[in-house]
Amino acid sequence: METIVVLTGPTAVGKTYYSIGMAHALNGEIVSCDSMQIYRGMDIGSAKPSKEERKGIPHHMIDIVHPKESFSVAKYQTMAKEAIGDILERGKLPLVTGGTGLYLNALLYHMDFGPIPTNQEYREELFQLLEEEGKEALYSRLQELDPASAERIHPNNVKRVIRALEAVEMGKEPLNDFSGVKEKTEDYKVILMGLTMERSKLYDRINRRVDLLMESGLAEEVRGLLDAGLTEDDISMKGIGYKELIDYYLGRCDLDTAVDQIKKNTRHYAKRQMTWFKRYEDLKWFHLEQYAGEEEALEDMIKWVKAKR
RNA sequence: GCCCAGAUAGCUCAGUAGGUAGAGCAGGGGACUGAAAAUCCCCGUGUCCUUGGUUCAAUUCCGAGUCUGGGCA
């Protein structure tokens, strides 16, 4: 079985630097695992590595979708697996890097998303029901049609309730229960690594990075996307950094408030990511504050991968 | 110097007709099947500024002090 390396960790922890360093040392190519970097034109806010930062290392799964288009885990799974297969075929090491937990699961586990795509018309019908009769009505409909899913989903989690209802409507049978044991993928052997640091230090880094993104022109990027016809209803614009600046441009708050919100939401996001990663039992954590410098940490990571292969 | 207002959770404040107190935010924990940077769930003990007094009982009422705002000189 072929081997892939996964490097994950919360936002702003420094994944980019280490991924590129490892790719260099291990003859690898990077497969991004990030739900925002897939969008073209959303560069600053998603902290995409620049051409210079990439140092000639090929990056896959970046800039693959127009921000008006809809995307999904299922699509990610298919495309990322293709990219990985291609890299392996060329005799190089795939280095999956990013912090989108669900996308990572789609690669790490045997997750068959099945033949149930989205159904926009039915979703709209359900939104109609939601507006007219409230989320209780949605939920009781799910209890009736798919009691097992209703058991798993909280009534307030409208988005999931709608998706489950959609599955019943489209598939005429309920979604599988994945909540129990997850089988690891048989496609490849995975070396799973995570970067972390003390929470307060990570939060400091996040706050500083948001200021840096603003200096790099995040506000102008958002302005440009709005001018290009994107709106707050586009899913791509619900990313952190984008939605808050839209509030500013729509006059709902001043710029300082928007920036503070970006920082806060990024901190919350990092926390949620950590919750997700804690579930991976075989993940090797690298605590970055324990190293004298970046080079030393990078060396240790490379050593670890070489020992594992 | 005088007058007024305030002092309660990390922050902003509410409240107790006297029986040691609770919201929002921040923060923490968790969930996660086609929107996932999304969406959702759970978590609140702190010298109620200090000190005298009244009282069975004071964070609450009264007096003094300290600090912070604002006003007048």
Side-chain angles (χ1 to χ4, degrees), chain A residues 10-12 32-39 42 44-48 65 67-79 98-120 122-123 127 130 135 138-139 146 148-149 151-171 174-180 182 199-200 202-203 206-207 209-210 213 218 232-246 257 260-280:
Chain A
T11 183
S32 167
C33 182
D34 186 302
S35 64
M36 279 293 135
Q37 293 186 357
I38 56 166
Y39 295 112
M42 304 181 81
I44 299 170
S46 72
K48 252 176 233 171
V65 183
K68 268 282 178 200
E69 270 176 69
S70 66
F71 198 69
S72 68
V73 219
K75 285 182 194 167
Y76 177 81
Q77 187 187 46
T78 312
M79 295 173 77
T100 300
L102 180 61
Y103 287 10
L104 209 49
N105 273 22
L107 296 180
L108 298 181
Y109 297 98
H110 179 72
M111 283 177 89
D112 181 5
F113 289 100
I116 307 166
T118 57
N119 178 339
Q120 213 46 49
Y122 188 57
R123 279 192 186 189
F127 272 116
L130 172 68
K135 54 193 173 193
L138 271 185
Y139 189 69
D146 181 0
S149 291
E151 194 70 25
R152 269 180 278 130
I153 300 170
H154 189 100
N156 288 349
N157 207 341
V158 171
K159 222 154 95 171
R160 295 245 171 81
V161 174
I162 287 179
R163 172 58 186 160
L165 282 170
E166 180 178 64
V168 178
E169 174 72 13
M170 295 296 291
L175 290 173
N176 300 326
D177 184 358
F178 270 6
S179 55
K182 284 212 172 91
R199 189 69 64 89
S200 61
L202 180 65
Y203 284 3
I206 286 171
N207 295 155
R209 188 170 81 168
V210 171
L213 295 180
L218 179 57
E232 59 179 332
D233 294 326
D234 289 306
I235 282 141
S236 58
M237 294 298 261
K238 300 202 189 280
I240 299 170
Y242 297 93
K243 56 171 186 261
E244 297 84 354
L245 283 168
I246 288 176
T257 307
D260 283 347
Q261 285 297 112
I262 295 173
K263 290 176 181 173
K264 184 192 78 179
N265 288 332
T266 308
R267 277 182 258 126
H268 287 349
Y269 171 50
K271 192 168 105 64
R272 268 179 276 131
Q273 287 179 297
M274 288 307 295
T275 298
W276 187 286
F277 303 142
K278 278 179 202 166
R279 292 198 302 197
Y280 297 140

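A note on names: the letters A, B, ... follow the listed sequences, proteins ahead of strands, and every chain is numbered from 1. Small disclaimer: the values here were computed from a predicted structure and weren't measured.
Across the P atoms, C62(B) and A5(B) are found 11 Å apart, a figure rounded to whole Å. Distance noted for atom P between A26(B) and A64(B): 42 Å (whole Å). U12(B) and U54(B) have their P atoms separated by 35 Å, given to the nearest Å. Atom C1' of C42(B) sits at a distance of 24 Å from the matching atom of A35(B), rounded to the whole Å. When the P atom is compared between C32(B) and A9(B), the two are found 37 Å apart, to the nearest whole Å. Of the C1' atoms belonging to G44(B) and G28(B), the separation is 11 Å, rounded to the nearest Å. Here the separation of G63(B) from C43(B), taken at their P atoms, is 42 Å to the nearest Å. Between C48(B) and U60(B), the distance separating the two P atoms is 10 Å to the nearest Å.
Within 4.0 Å (heavy atoms only), F127(A) reaches at least one base atom of the nucleic acid. Within the nucleic acid shown, D34(A) comes within 4.0 Å of at least one base atom, counting heavy atoms only. Heavy atoms of T266(A) sit nowhere under 4.0 angstrom from any nucleic acid atom. Base contact: G45(A) has a heavy atom under 4.0 Å from a base atom. Across all strands shown, Y103(A) has heavy atoms under 4.0 Å from sugar-phosphate atoms exclusively, and none from any base. The residue Y242(A) sits apart from the nucleic acid: no heavy atom pair falls under 4.0 Å.
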Please write out each protein N/O paired with an N/O of nucleotides 28-31 of chain B under 3.5 Å, distance rounded to 0.1 Å.
| from | atom 1 | to | atom 2 | distance (Å) |
| --- | --- | --- | --- | --- |
| G28(B) | OP1 | R199(A) | NH1 | 2.9 |
| G28(B) | OP1 | Y203(A) | OH | 3.0 |
| G28(B) | OP2 | Y203(A) | OH | 3.1 |
| G29(B) | OP2 | R199(A) | NH1 | 3.1 |
| G29(B) | OP2 | R199(A) | NH2 | 3.4 |
| G29(B) | N7 | K271(A) | NZ | 2.5 |
| G30(B) | OP2 | K278(A) | NZ | 2.7 |

Review item, nucleotides 9-12 of chain B N/O atoms under 3.5 Å of protein N/O:
none

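In this view, E232(A) and R252(A) satisfy the salt bridge (Lys or Arg N to Asp or Glu O under 4.0 Å) rule, not counting sequence neighbours. For Y76(A), the ring-ring contact (aromatic ring centres under 6.0 Å, His included) partners are Y103(A), not counting sequence neighbours. Every residue meeting the salt bridge (Lys or Arg N to Asp or Glu O under 4.0 Å) condition with R123(A), not counting sequence neighbours, appears here in chain and number order: E166(A). For F71(A), there are no ring-ring contact (aromatic ring centres under 6.0 Å, His included) partners at least two apart in sequence or on another chain. In terms of the salt bridge (Lys or Arg N to Asp or Glu O under 4.0 Å) criterion, residue partners of D234(A) (sequence neighbours excluded) are, by chain and number, K68(A). Checked against salt bridge (Lys or Arg N to Asp or Glu O under 4.0 Å), K263(A) has the following partners two or more places apart in sequence or in another chain: D211(A). Scanning for side-chain hydrogen bond (donor to acceptor under 3.5 Å, both in side chains) contacts around Y269(A) gives Q273(A), with sequence neighbours left out.
Look at CD1 on I153(A): it is 19 Å from P on A38(B), rounded to the nearest Å. Rounded to whole angstrom, the span from the CG atom of N119(A) across to the P atom of A35(B) amounts to 12 Å. In this entry the distance linking NZ of K263(A) with P of G27(B) reads 13 Å, nearest Å. For the pair I246(A) CD1 and A38(B) P, the computed distance is 13 Å after rounding to whole Å. Atom-to-atom, CD1 of I235(A) to C1' of A35(B) comes out at 4 Å; the value is rounded to the nearest Å. Across the protein-nucleic acid pair, L104(A) atom CG and U33(B) atom C1' stand 15 Å apart, rounded to whole Å. Remark: C1' of C32(B) and OH of Y76(A) are 17 Å apart, rounded to the nearest angstrom. Distance CG (L102(A)) to C1' (C40(B)): 15 Å, rounded to an integer number of Å.
OP1 or OP2 of A38(B) lies within a sub-4.0 Å distance of a side-chain N or O belonging to K243(A). For the pair K159(A) and C40(B), the criterion of a side-chain N or O lying under 4.0 Å from OP1 or OP2 is not met.
Nearest-nucleotide positions on RNA chain B place S72(A) closer to the 5' end than the other of G241(A) and S72(A). Where M36(A) and A74(A) each meet RNA chain B at their nearest nucleotide, the meeting point lying more 5' is that of A74(A).
Within the 4.5 Å cutoff, no side-chain heavy atoms of K135(A) are placed close to those of V161(A). A 4.5 Å side-chain heavy-atom check between V168(A) and Y122(A) finds every atom pair outside the cut-off.
Under the Watson-Crick or G-U wobble criterion, with both distances below 3.5 Å, C61(B) is paired with G53(B). Of all nucleotides present, none satisfies the Watson-Crick or G-U wobble test against A21(B) with each distance under 3.5 Å.
Under the 6.0 Å distance and 45° angle rule, R279(A) counts as a cation-pi partner of W276(A).
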Chi angles and distances behind the side chain to side chain contact (heavy atoms under 4.5 Å, CB included) call for D260(A), E244(A): CA-CA 9 Å; D260(A) 283 347; E244(A) 297 84 354; over 6 Å; no
